[in-house]
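Right, one structure below, let's go through it.
Atoms within each ligand, like the ligands themselves, are counted from 1 in listed order.
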Amino acid sequence: MDTLSLKAMAKINLGLDVVRRLPSGYHEVRMVMQTIGLYDMLSFTKVGSGITIETDQVSLPGDENNLIYKAARLFEETYGLPSGVSIRLEKRIPMAAGMAGGSTDAAATFVGLNTLFAKGISREELSGLSVKVGADVPYCIMGGTMLSEGIGEILTPLPAPPSCHVLIAKPDIDVSTKYVYENLHANELKHHPDMDAVIAAIRGGDLSGMCTSLENVLETVTGREYPVIGRIEEQMKACGAKAALMSGSGPTVFGLFERKEDAEKAKAALREDKLAKDLFVTAFTDKTCVPV
Ligand code: ATP
């Protein structure tokens with residue numbers, strides 16, 4: 001095999017709590033991660049020597065800052081590569097959006113190199129190594145539905161939540177994850193989302209119970225700064241969403257719908273009102289880093 005293409009899936013957070021700020025400056029989180037069907041495409045080709053990356057985004061160079069490069073270098077240093085590799089990225093997941101786009105590209109790089117060079121390393125082992133590239137990368141290698149704790153690297157598998165239609169809406173604003181965490185003042189929070197209720201509802205296959213418990217503590221910062229987030233949520237709910245919530249540190253908002261027509265109606269309304277630029281109707285999935 002000389003070439004391989006993989007779909008690197010995005011994630012949303014079915015609830016997000018920040019438990020506390022650690023003395024190290026990192027934040028201890030408690031969140032449910034869920035893979036969705038929106039993906040970036042990564043193609044790997046064996047070449048004579050070196051690691052080269054090509055992307056279809058001018059704003060995202062394929063240099064050593066790209067998480068794909070960091071993952072490929074770490075893989076090479078740890079397991080060795082018998083030849084060089086050229087990696088091409090087609091970006092579909094909105095960037096800096098709270099959907100782990102960079103982390104999933106890094107995850108797909110570990111999985112892709114493992115498959116292309118027939119190294120036979122388990123996803124569990126790759127996942128353990130990958131935390132050096134980023135706290136969300138281990139989850140992105142495993143995918144599915146997981147409770148994520150610690151700084152994001154302690155993963156507990158959960159059953160898949162009841163299926164529904166997911167509308168993704170990213171407003172045309174840029175949010176800095178660093179700014180959001182710094183302005184949360186995690187150790188002074190009076191209220192925390194009830195993540196145990198979310199987990200119990202998922203375990204019980206109770207979509208309504210899950211939807212009523214969903215909360216993202218980071219919305220107290222991003223939502224206050226950008227009222228468009230609340231307006232998108234209101235529009236989704238007016239169109240029939242059972243829940244509408246910000247993912248990660250934002251600004252992406254997702255809505256959960258029982259009926260696909262309602263998700264499509266909300267998508268059209270958000271476009272019409274110019275509340276969001278990037279809009280996708282998708283679904284939960286339990287697979288990530290899938291060969292095509
Ligand atoms: P998270 O949900 O993990 O917070 P995010 O969606 O907020 O992720 P990303 O899209 O992963 O953010 O990217 C954050 C930054 O990382 C970007 O601004 C970009 O400069 C840098 N980056 C490096 N490599 C990549 C990549 N392959 N894809 C996207 N961003 C990358």
Determine whether more than 12 heavy atoms belonging to other residues, nucleotides or ligands lie under 6.0 Å from atom [atom1] of [X].
{"X": "Asn65", "atom1": "CG", "value": "yes"}
{"X": "Arg88", "atom1": "CZ", "value": "yes"}
{"X": "Arg21", "atom1": "CZ", "value": "no"}
{"X": "Glu272", "atom1": "CD", "value": "no"}

Could you tell me whether [atom] has at least one protein heavy atom nearer than 4.0 Å?
{"atom": "atom 23 (C) of ligand 1", "value": "yes"}
{"atom": "atom 15 (C) of ligand 1", "value": "no"}
{"atom": "atom 26 (C) of ligand 1", "value": "yes"}

For [atom], closest protein heavy-atom neighbour:
{"atom": "atom 4 (O) of ligand 1", "answer": "Thr177 OG1, 4.1 Å"}
{"atom": "atom 7 (O) of ligand 1", "answer": "Gly98 N, 3.2 Å"}
{"atom": "atom 21 (C) of ligand 1", "answer": "Leu60 CD1, 4.6 Å"}
{"atom": "atom 11 (O) of ligand 1", "answer": "Gly102 N, 2.7 Å"}
{"atom": "atom 2 (O) of ligand 1", "answer": "Ala100 N, 2.8 Å"}

How far does OG1 of Thr78 sit from CG of Leu126, to the nearest 0.5 angstrom?
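If I round to the nearest 0.5 Å, the distance is 9.5 Å.
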
Can you tell me if Gly248 has a non-hydrogen atom under 4.0 Å from ligand 1?
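Gly248: no contact with ligand 1 (<4.0 Å).
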
Tell me yes or no: between the side chains of Ser5 and Ser43, is some donor less than 3.5 Å from an acceptor?
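Indeed, the side chains of Ser5 and Ser43 share at least one donor-acceptor pair under 3.5 Å.
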
Do Ser208 and Lys242 have side-chain atoms, one donor and one acceptor, less than 3.5 Å apart?
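There is such a pair between these side chains.
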
Shared hydrophobic cluster for Met146 and Ile36 (ILVMFWY, side-chain gaps under 4.5 Å):
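Result: no, two separate clusters.
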
At a 4.0 Å threshold, what atoms of ligand 1 neighbour a non-hydrogen atom of [X]?
{"X": "Ala97", "answer": "5 (P), 6 (O), 7 (O)"}
{"X": "Asn65", "answer": "23 (C)"}
{"X": "Lys11", "answer": "2 (O)"}
{"X": "Asp136", "answer": "3 (O)"}

For the 3.5 Å polar cut-off, considering only N or O atoms, please tell me whether [X] and ligand 1 meet it.
{"X": "Leu89", "answer": "no"}
{"X": "Leu67", "answer": "yes"}
{"X": "Asp105", "answer": "yes"}

Option whose closest heavy atom lies nearest to atom 28 (N) of ligand 1, chosen from Lys91, Met95, Lys170:
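Result: the heavy atom closest to atom 28 (N) of ligand 1 is in Lys91.
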
Just go through Ala96, Ser103, Ala71 and tell me whose heavy atom is the nearest to atom 18 (O) of ligand 1.
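Nearest option to atom 18 (O) of ligand 1, by heavy atoms: Ala96.
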
Counting C-beta onward and ignoring hydrogens, is there a side-chain heavy-atom pair between Leu89 and Asp40 closer than 4.5 Å?
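Yes - at least one pair of side-chain heavy atoms lies under 4.5 Å apart.
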
Any sub-3.5 Å donor-acceptor pair from Asn66's side-chain atoms to Pro61's backbone N or O?
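Yes.
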
Which residue in the set Glu149, Met31, Glu215, His192 passes side-chain contact (heavy atoms from CB on, under 4.5 Å) when paired with Asp17?
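Result for side-chain contact (heavy atoms from CB on, under 4.5 Å) with Asp17: His192.
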
